[in-house]
Structures are given as structure tokens and as C-alpha cells.
Amino acid sequence: MAPSHGFTRRQVFRTSAAVGGAIAAAPLLSACGSGKASTKNSGVADTNTVKSVIPTYKASTAVTADIPSVQGANGAASDPAFLTFPASPAKSVTGPVGSGGSYQAVTPLWGSVPPPGNSYYTAVNQAIGATLTDSPSDGTTYATMLATRFASGNIPDWLDVPGWNVSAIQNFAEGVDKYFKDLTPFLAGDKVLDYPNLAAIPTGGWQAGVWNGKLYGIPLWTSAGNFPGMLFYRGDIFKAAGIDASSINSADKLKALGPELTVKSKGQYAFEDLTYYLYQIFNIPFSNGHTGWKRDSSGKLVNGYETPEYLEFLNFANSLAASGWVHPDALAGDSSKAKNRFWAGKTVITADGTGAWNKSDAQSGTAANPGYVRQGFKLFAFDGGKPSLALYPAAGMFSYLNKKLNDDQVKELLRIANYLAAPFGTQEYLTARYGKEGTTYTMTPSGPILNDEGNKVVTDTFDQLANCQAVTFNAGADQITKDYAAWQADAVQHAYKPMFYAMNITEPAETAKATTALEAVVTDVRMGRKGVSDYQAALTTWQNSAGNTLRTFYEGVAKQYGTGN
């Protein structure tokens with residue numbers, strides 16, 4: 001699946017985790033039939049080992065953000081934000097980069113594949129002094145491609161592996177050792193300081209690139225304020241209706257907007273299908289793309305499915321589905337046109353990844369409705385109490401170097417990675433992301449803008465191999481940047497690390513079928529096709545066929561390796 005970011009990274013450079021997608025993180029725990037964690041080829045590294053191989057963090061001073069990062073709870077922090085691109089971009093790389101090497105890379109691409117040897121590729125290769133040939137592969141079928149390559153051993157020099165694709169690769173932890181270069185000798189601790197732009201990547205991103213006690217992955221789209229998304233509303237429609245969004249601080253108040261915002265004669269409905277984004281306001285344990293675990297008051301490990309809050313969530317979603325205030329196409333499961341419905345004002349309240357809030361979205365929205373304004377609800381709890389928001393791992397995508405490369409080649413590629421990871425606002429960032437001025441982009445007072453040639457050839461390819469810390473920037477759309485930065489600065493104050501945070505855990509295979517069956521019932525209840533009592537019956541079946549096995553398994557994980565938080 002593609003990450004549900006909903007944005008073009010040249011317009012907004014920030015991450016958004018994909019709900020439902022596995023996030024790659026270390027340590028990896030392999031499951032065995034007994035439901036206990038297996039230490040054989042497991043990818044497990046204890047906390048001290050992980051710390052010993054993590055690169056030293058040293059923030060870049062090349063560029064100063066217009067809206068600095070705000071520190072939040074439990075290590076969370078908002079992304080730095082920029083209102084304009086620096087008028088005089090600083091230089092962040094000194095000395096030669098490449099030494100004439102030639103390398104093959106493969107990255108995912110959700111869009112049209114640009115022609116080989118195009119003007120953008122040429123500009124970047126000239127700047128790095130090497131030939132880097134990227135062969136983008138369709139992101140929607142990327143997992144299948146990866147599985148085939150791993151089975152055959154056909155690994156390019158540089159390979160992007162999205163975390164949500166790891167589960168499709170058999171014995172990935174073993175494959176890491178077999179196919180990828182151990183970067184520990186090159187980057188661990190102060191060694192990374194030879195590559196200053198890589199050293200400026202937040203520590204949390206590197207942690208998830210550790211496998212089997214060694215550093216292998218170069219993190220991508222790293223953010224210390226990475227969340228699964230949020231609830232959005234049409235700011236213009238709220239304003240016209242005289243609704244103060246800040247007054248919505250409970251599930252009941254959210255639901256009460258239904259009759260006020262539903263005007264069926266205009267085809268306008270209050271709600272899109274809010275799906276699992278409702279987990280946030282109902283404080284349901286959520287970790288790495290699926291319902292997570294917590295301990296109850298007695299210390300027992302319980303799954304989110306088993307919590308009282310889950311029944312509250314289902315009752316709320318079920319009642320919304322029956323209310324007549326949710327768009328019929330959304331209830332029918334047509335999510336492909338959800339954005340179009342929101343842009344056109346056919347739905348007023350929706351849910352999406354955080355990256356949906358950007359300049360491109362505003363352009364699409366105003367094309368459908370000139371007054372269009374997207375806004376995000378500040379986090380609230382279903383009962384009006386204190387809200388909380390589960391952090392996602394700081395990085396969900398990683399690139400890896402081929403084990404067959406010799407040390408000189410690895411160092412050359414790391415120098416190239418250091419160039420590609422240049423901070424936002426630098427000269428190297430401009431080349432790596434936009435190509436050559438006058439050929440593929442034009443510099444405007446608010447920032448670089450791709451021209452016709454750039455729109456044809458500049459895509460997310462080289463920046464899927466290495467990139468800098470996530471920032472928020474919308475050229476010429478300052479208010480969007482300010483609004484998102486304010487939302488994120490508030491959200492990080494309520495952040496927490498869920499149990500088994502940043503641990504990519506392979507569950508016992510025999511439990512998958514039962515979990516899939518339970519999820520099907522959950523969907524039917526959310527959509528109003530079944531009642532909450534049907535869920536309760538299905539939950540008992542799940543507990544007997546999967547839940548109790550998983551409970552034993554995760555207790556073993558917690559005892560042997562901790563909980564990641």
C-alpha cells in the first residue's frame with residue numbers, strides 16, 4: 001500500500017504514517033508456533049546494543065526555521081516550519097562527493113515513471129560526481145517486487161524498503177544480514193560526524209534501522225512528531241454556520257454537529273467515514289498500524305479490542321452510520337472519492353493522514369469550491385477529559401546498501417546520501433529535490449516552483465534514498481504552514497509511546513485469520529450493517545482462536561525484550 005500522506009513532497013515535506021501499514025522498526029521478533037518469541041534470527045537487539053550502534057545526533061545550523069520545533073511529551077517534537085525558502089541558500093557539503101562511481105538504485109513511486117537520463121537525473125548526477133541510476137517501481141505492487149528480489153537475491157546497490165512492505169518478505173531479518181551492508185563501522189556513534197547531514201537526522205529514525213544488533217537502514221522522512229493522522233473540517237463552512245471548532249471537545253459534541261451540518265437538499269453531509277482515526281479520541285491502544293496492547297488496572301495485558309473504550313468507539317461509529325449524517329457513498333465503502341467529496345463540500349468533517357493538509361490540497365479544494373479552507377480539530381478525548389495521542393515510529397521507510405559493495409564504494413554512497421540529506425533551504429537540497437534552476441524549476445520570492453519540464457521529470461526518486469529531517473513548507477501558502485505547525489505543536493504535548501513502540505513484531509501466523517475475521521465484523525458494525533452485539537460475539541471467538549495466544553506471545557516479548565516505551 002502507498003503511504004497515506006496525501007501530499008507532494010516538493011510542496012510539503014513532512015511525514016504521515018499509513019494507517020494499517022506495518023512500520024519497519026527494530027527489533028524484529030520472529031514468532032514460533034508456541035506463541036513465544038524466538039531468539040533465532042529474530043533481529044532482536046537489547047537496548048544497550050541499540051544505543052551503541054546509533055549514530056550521534058548533531059543538529060545542523062545551516063538554516064534557521066521560521067517556526068522552530070516545539071518540544072512535547074515523551075520525546076515528541078513538532079517539525080520545524082518555514083514560510084519562505086532562504087533567499088541565499090547556504091552550502092552544507094564541502095569537498096567532493098562522488099568519485100566517479102556508477103550505482104543502481106530501486107525506489108517506490110506512486111505516479112508516472114520519468115524517462116531515464118532526464119534533465120533532473122542529469123543535474124543531480126553532475127552535482128554528486130557519480131552516476132546514480134534509479135529504476136522506480138510501482139509503489140502499489142512494490143511489496144511483490146521486493147519479495148521476488150529477495151527470493152532471487154537480485155538486490156541493487158541501493159534499495160528502498162518501506163516498513164509496511166517488510167511483512168511481505170519472507171525471513172526479512174535473515175535477509176538483512178545476507179544482502180545488506182552493515183553500516184555500523186561507518187556510522188555508529190561519532191563516526192557519522194564525517195557525514196554532517198546524516199548526523200542531523202533525529203535519533204529516533206536511526207533506531208528503527210537497527211537489525212540483529214547492527215545498523216543497516218538509512219531512515220527516510222524522519223519526524224519526532226509522527227502521528228497517524230487527524231480529524232479535519234471545512235473551516236469555511238464552519239465559519240458560515242457560526243460554529244467554533246475549539247468548542248468541540250468530546251464525542252457527543254462532535255456528533256451534535258450532524259444535524260447542523262447535514263443539508264441533504266444540497267447533497268451535503270456532516271461526516272465522511274472517520275474510520276480508525278476515531279481511535280485517537282477514544283484512546284484505543286494503537287501501535288505500528290494496528291490495534292495495540294495495554295495493561296489494565298490488575299496488570300493484565302489486554303488488546304485494544306478488549307477495552308471498554310473499544311465498545312464506546314463502536315457504539316459511536318455505529319450510531320453515526322444510522323444517523324443519516326454520514327455520506328451514503330462513504331457508508332458504501334467508496335473511499336477513493338473521499339477527498340473529492342470533502343473538496344466539493346459534500347462532506348464537512350473527514351479524517352486523513354497529516355500530510356493531507358498542504359498547498360496542493362488547497363489548490364484542489366479551491367478548484368472545486370473557491371471558499372475552501374481545510375482545518376484540523378485540536379486533539380480531544382471522547383469523554384471531554386485529557387486527550388492522548390500515540391506516537392508512530394520516527395521513520396517508516398529505510399534505504400539499504402548492498403552487502404557486496406566494498407568499503408570505498410560504501411563511503412562514496414554515504415557521501416552521496418549525505419548530499420541527498422542536505423537540510424531544507426540549502427543549495428544541495430535545491431539540487432537534490434528540484435534539479436537545476438531555469439531547467440526544471442524557477443525560484444520565486446516564496447520558494448522554488450517546478451516549471452513545465454520539472455513537472456514532467458522531477459519525482460520522488462532520489463529523495464527515497466536519503467533525505468533530511470521532516471519540515472513543513474508550503475511555497476506561497478503561509479497560513480497553511482502556520483496552521484499545521486500550530487496543530488502539531490499542540491499534538492506533541494499529548495504524545496505517548498504505546499506498548500511495543502518502534503518494535504516490528506511478527507505475530508504467530510496462525511492468529512492472522514481470526515484477526516482478519518474480527519476486523520470484517522468491526523467494519524460491518526462501523527458501517528451500520530451489524531450491531532455492537534455482533535462484535536461482542538465475534539470478540540469471544542477471536543479471544544479463543546487468537547487473542548489468548550497473542551497475549552501469551554506478547555507477554556513473552558515484554559519479558560525478554562521490553563515494550564519499546
Subject >> Expected output: side-chain W343 to main-chain A367 donor-acceptor under 3.5 Å >> reply: no

Original post:
Quick check: are there more than 12 heavy atoms from other residues, nucleotides or ligands sitting under 6.0 Å from CG of N154?
Top reply: yes

Original post:
Do Y216 and D177 have a side chain donor and acceptor closer than 3.5 Å?
Top reply: yes

Original post:
Is the side chain of D157 donor-acceptor paired with the backbone N or O of Q104 at a distance under 3.5 Å, no angle test?
Top reply: yes

Subject >> Distance in Å, W158 CH2 paired with K181 NZ, rounded so as to fall on 0.5 Å steps >> reply: 15.0 Å

Original post:
What is the minimum heavy-atom distance between A59 and Y57, and which atoms define it?
Top reply: CB-OH, 3.3 Å

Original post:
Passes side-chain contact (heavy atoms from CB on, under 4.5 Å), V53 versus W206? Steps please.
Top reply: CA-CA 9 Å; V53 302; W206 292 104; over 6 Å; no

Original post:
Would you say K359's side chain and A475's backbone share a donor-acceptor pair under 3.5 angstrom?
Top reply: yes

**OP:** Go through Q469 and T222 one step at a time and tell me if the side-chain contact (heavy atoms from CB on, under 4.5 Å) criterion holds.
**Re:** CA-CA 5 Å; Q469 174 186 7; T222 304; 5.6 Å; no

**OP:** Flag the pair Y554 / W293 as yes when their ring centroid distance falls below 6.0 Å, and as no otherwise.
**Re:** yes

Original post:
Does one side chain, of T472 or N474, offer a donor that lies under 3.5 Å from an acceptor on the other?
Top reply: no

**OP:** For the pair F286 and Y392, name the ring-plane relationship: parallel under 30°, tilted 30 to 60°, perpendicular over 60°.
**Re:** parallel

Original post:
What's the spacing between D273 CG and R341 CZ if we round to 0.5 Å?
Top reply: 9.0 Å

**OP:** Output yes when K339 and D361 qualify as a salt bridge under the 4.0 Å nitrogen-oxygen rule, no when they do not.
**Re:** no

Subject >> Pairwise side-chain contact, L430 with E437, heavy-atom cut-off 4.5 Å (strictly under) >> reply: no

**OP:** Look at the side chain of S69 and the backbone N and O of S78, then say whether any donor-acceptor pair between them is shorter than 3.5 Å.
**Re:** yes

**OP:** For residues S112 and T459, report the shortest heavy-atom separation together with the two atoms involved.
**Re:** O-CG2, 4.1 Å

Original post:
Are the side chain of Q207 and the backbone of G204 linked by a donor-acceptor contact shorter than 3.5 Å?
Top reply: no

Subject >> Where A470 and P80 come nearest, the two heavy atoms and their spacing >> reply: O-CD, 3.5 Å

Original post:
Just by modelled atom types, is the K214 backbone N or O under 3.5 Å from a matching donor or acceptor in the N212 side chain?
Top reply: no

**OP:** Apply the test side-chain contact (heavy atoms from CB on, under 4.5 Å) to residues Y429 and F85: give CA-CA distance (whole Å), side-chain angles for both, the deciding distance (0.1 Å), then the verdict.
**Re:** CA-CA 11 Å; Y429 179 95; F85 200 92; 3.9 Å; yes

Original post:
Where does the angle between the aromatic ring planes of F180 and F150 fall among parallel (under 30°), tilted (30 to 60°) and perpendicular (over 60°)?
Top reply: perpendicular

Original post:
Any sub-3.5 Å donor-acceptor pair from Y195's side-chain atoms to F186's backbone N or O?
Top reply: no

Original post:
Nearest 0.5 Å, what's the CD-OG1 distance between Q126 and T122?
Top reply: 6.5 Å

Original post:
Just wondering, do E428 and N197 contact through their side chains at under 4.5 Å, heavy atoms?
Top reply: no

**OP:** Determine whether Y120 and Y441 make a side-chain contact, defined as any pair of heavy atoms from C-beta on separated by less than 4.5 Å.
**Re:** no

Subject >> Atom pair OG1/CG of T461 and N118 - distance to nearest 0.5 Å >> reply: 8.0 Å

**OP:** Look at the aromatic rings of W110 and W164 and report parallel, tilted or perpendicular, splitting at 30° and 60°.
**Re:** tilted

Subject >> Heavy-atom pair of closest approach, residues A395 and P219 >> reply: CB-CB, 3.8 Å

**OP:** Take T107 and L465, measure what side-chain contact (heavy atoms from CB on, under 4.5 Å) needs, and give me the verdict at the end.
**Re:** CA-CA 7 Å; T107 60; L465 297 171; 3.5 Å; yes

Original post:
Does one side chain, of T442 or N451, offer a donor that lies under 3.5 Å from an acceptor on the other?
Top reply: no

Subject >> Minimal non-hydrogen separation, A127 against V97, with atom names >> reply: O-CG2, 4.5 Å

Original post:
Taking all non-hydrogen atoms of both residues, which atom of G98 and which atom of A130 are closest, and how far apart?
Top reply: CA-CB, 4.3 Å

**OP:** State, without any angle test, whether W221 and Q464 hold a side-chain donor-acceptor pair at a distance under 3.5 Å.
**Re:** yes

Original post:
Which distance, rounded to the nearest 0.5 Å, do you find between the OH of Y103 and the CG of N402?
Top reply: 11.5 Å

**OP:** Ignoring hydrogens and angles, tell me if any N or O in the side chain of Q427 forms a donor-acceptor pair with the backbone of P89 under 3.5 Å.
**Re:** yes

Subject >> Distance-only side-chain donor-acceptor flag, T354 / Q488, under 3.5 Å >> reply: no

Subject >> Residues D190, K58: salt bridge by 4.0 Å N-O rule >> reply: no

**OP:** Enter the distance from I128:CD1 to N418:CG here, rounded to the nearest 0.5 Å.
**Re:** 12.0 Å

Original post:
So Y400 and F172, would you call those rings parallel, tilted or perpendicular, with 30° and 60° as cut-offs?
Top reply: perpendicular

Original post:
Taking atom NZ of K91 as the centre, does the number of heavy atoms from other residues, nucleotides or ligands within less than 6.0 Å exceed 12?
Top reply: yes

**OP:** Without swapping roles, check the side chain of E412 against the backbone of S99 for a donor-acceptor pair under 3.5 Å.
**Re:** yes

Subject >> Any Y179 side-chain heavy atom under 4.5 Å of R149 side chain >> reply: no

Original post:
So, do M145 and T141 sit near enough that their side-chain heavy atoms are less than 4.5 Å apart?
Top reply: no

Subject >> Pairwise side-chain contact, L215 with P55, heavy-atom cut-off 4.5 Å (strictly under) >> reply: yes

Original post:
Side-chain contact, heavy-atom cut-off 4.5 Å: Y277 with T350?
Top reply: no

Original post:
Does R433 reach the side chain of N467, with side-chain heavy atoms less than 4.5 Å apart?
Top reply: yes

Original post:
Once the angle between the rings of W487 and F227 is folded into 0 to 90°, is it parallel (under 30°), tilted (30 to 60°) or perpendicular (over 60°)?
Top reply: perpendicular

Subject >> Q170 (side chain) donor-acceptor with A151 (main chain) under 3.5 angstrom >> reply: no

